[in-house]
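The chains referred to below are lettered A, B, ... by the order of the sequence lines, with proteins before strands, and numbering in each begins at 1. Note that the structure is a prediction, hence the values are computed from the model and not measured.
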2 protein chains.
Amino acid sequence: MTEHSNDHTSQSEHNHSHCIEQALETAESLCAEHGQRLTKVRRRALELIWQSHRPLGAYQLLAKLAEEGFNSAPPTVYRALEFLLSAGLIHKVESMNAYLGCAHADKPHKGYFLICDECQNVMEFDYQDIHKILIDKAATQGFQLRSETIELTGLCSSCQNGDDEGGCK
Amino acid sequence: MTEHSNDHTSQSEHNHSHCIEQALETAESLCAEHGQRLTKVRRRALELIWQSHRPLGAYQLLAKLAEEGFNSAPPTVYRALEFLLSAGLIHKVESMNAYLGCAHADKPHKGYFLICDECQNVMEFDYQDIHKILIDKAATQGFQLRSETIELTGLCSSCQNGDDEGGCK
DNA sequence: AACAAGAATGTTATTTTGTAACATTCTTGT
DNA sequence: ACAAGAATGTTACAAAATAACATTCTTGTT
Ligand SMILES: [Zn+2]
Ligand SMILES: [Zn+2]
Ligand SMILES: [Zn+2]
Ligand SMILES: [Zn+2]
């Protein structure tokens, strides 16, 4: 996987619905490929997560699902999240207890995030170099790496410029 | 700050009480230096966190404090944790919701962690290279870094060898 | 179509983690 | 002694996640 910047969460006015469609298509085909079922809740959960420009909390998602007639008990949403996570379709941002659609689900990877403290927009970035360095670093301690949580916070360029405090909410 | 491996949490049988004393001394002098008060709860909280070989949850800590006659309401422990965190005397491991003593509180830094999935031992490591790379990487996106959450999980060497599943608990 | 097995969802209750808000007490400088 | 701010006590609650068990939905097989 090459370096990329996932700008679906930036303040740009691109047609986000394209991203969403793309993500859902990818999800459909990945699930088909692996014999997994992208059921109604799961699909809708994924879509709702994508529709949010910033990471969505489990209970925020649950509320949205409930509005639409889905069951409104926590296990519903946590099961959907678990499925989407294990399918690599979303990431969890540990430091926010929130979930984010992944635009590169077809290429298994660790999510590295840049999180703006001001507008809460999140940019996923890929940096193979860092990944390699971390693996090596761990190896020198005899440590065998499994998962990586890399979440950087700070100020995005828009918020530094006082643009409009983070663009579209 | 140079590279180091904080092995106070490893399975080695070193005299951990030395680490604790050291940490408390550092804490005392740092607080004095900055005109902050290392009160009884705060001091004891720090000590208890250090006495645990693995990251300690807020409510685990609260229970221990309560046993010793301290107030047993959540705010007590969260206030102590907040103080210790902001003083740089402990780190929070986001992916575990748990807290860990820092052996290098005198040199302000971000906590980078290697967490064993098996024995839950945590090793703090420093890697100035990574820090620099991340800052640069963020900068190329116009992003100004503030905090870094870097938590790697996997298997420590002991657990790979099936040593004794993580040493002392 | 009938059936069985496993996957997915429904339901209820509880646990774990973390805060808000306001009252009281302690510390320090005057 | 006094005032101001820091720290702690207290009560209540919010937010995030899971346990356990019942029910329903799918899918392949007979
Ligand atoms: Zn991703
Ligand atoms: Zn921003
Ligand atoms: Zn540290
Ligand atoms: Zn281990």
With heavy atoms under 4.0 Å as the rule, sort A:Y99 into base, sugar-phosphate or nothing.
-> sugar-phosphate
Flag, side chain of A:H131 to backbone of A:D129, donor-acceptor distance under 3.5 Å = no
Under a 3.5 Å limit on both distances, the Watson-Crick or wobble mate of C:dA13 is D:dT18
Mind calculating the distance between NZ (A:K40) and P (C:dG10) to the nearest angstrom?
-> 10 Å
When we call it a touch if two heavy atoms are under 4.0 Å apart, what does B:N71 touch: a base, just sugar-phosphate, or nothing?
-> base
Report the nucleotide, chosen from D:dT8, D:dT26, C:dG18, that has the shortest atom-to-atom distance to any side-chain atom of A:R37.
-> D:dT26
Please answer whether the main-chain N or O of B:R37 pairs with a side-chain N or O of B:R42 as donor and acceptor at a distance below 3.5 Å.
-> yes
Any side-chain N or O of A:N97 under 4.0 Å from OP1/OP2 of D:dA15?
-> no
Relative to the 5' end of DNA chain D, which residue comes earlier, B:A80 or A:Q60, by the nucleotide with the nearest heavy atom?
-> B:A80
Would you kindly give the CZ-to-C1' distance between B:F83 and D:dT8, to the nearest whole Å?
-> 14 Å
Nucleotide forming a Watson-Crick or wobble pair with D:dT10, both distances under 3.5 Å | C:dA21
Give a yes/no answer on whether the side chain of A:R79 brings an N or O atom under 4.0 Å of OP1 or OP2 in C:dA7.
-> no
What nucleotide, of C:dT12, D:dA17, D:dT11, holds the atom closest to the side chain of A:A73?
-> C:dT12
Starting from P on D:dT8, measure out to CG on B:L65 and report it in whole angstrom.
-> 11 Å
A:L62 CG to D:dT18 P, in whole Å, measures 14 Å
Against the side chain of A:A58, the closest entry in D:dT8, D:dA17, C:dT19 is D:dA17
When rounded to whole Å, the CG to P distance for the pair A:L81 and D:dA16 reads 12 Å
B:Y78, nearest nucleotide to its side chain (from D:dG9, D:dA17, C:dG18) = C:dG18
Could you work out which one of C:dT12, D:dA7, C:dG18 sits closest to the side chain of B:T39?
-> D:dA7
d(CD, A:E82; C1', D:dA17) in whole Å | 12 Å
Aromatic ring of B:Y59 stacked on base six-ring of C:dT17, 5.5 Å, 30° = yes
Could you go step by step and tell me if A:K64 and A:E67 meet the salt bridge (Lys or Arg N to Asp or Glu O under 4.0 Å) rule?
-> CA-CA 5 Å; A:K64 289 182 196 255; A:E67 277 178 15; over 6 Å; no
Could you tell me whether A:K92 contacts a base, only the sugar-phosphate backbone, or nothing, with contacts defined as non-hydrogen atoms closer than 4.0 Å?
-> sugar-phosphate
Figure out the CD/C1' separation between A:E68 and C:dT9, and round it to whole Å.
-> 17 Å
A:G142 backbone acceptor or donor facing B:Q160 side chain under 3.5 Å = yes
Atom CD of B:E94 to atom C1' of C:dT17: distance rounded to whole Å?
-> 12 Å
If only atom types and distance count, is the side chain of A:K110 paired as donor or acceptor with the main-chain N or O of A:R146 below 3.5 Å?
-> yes
Pairing partner of C:dC26, by Watson-Crick or G-U wobble and under 3.5 Å for both distances, is D:dG5
Does the ring centre of A:H91 sit less than 6.0 Å away from the ring centre of A:H109?
-> yes
Check every atom of D:dA7, D:dT18, D:dT10 against the side chain of B:R42 and return the nucleotide holding the closest atom.
-> D:dA7
Mind checking who C:dA1 pairs with, Watson-Crick or G-U wobble, both distances under 3.5 Å?
-> D:dT30
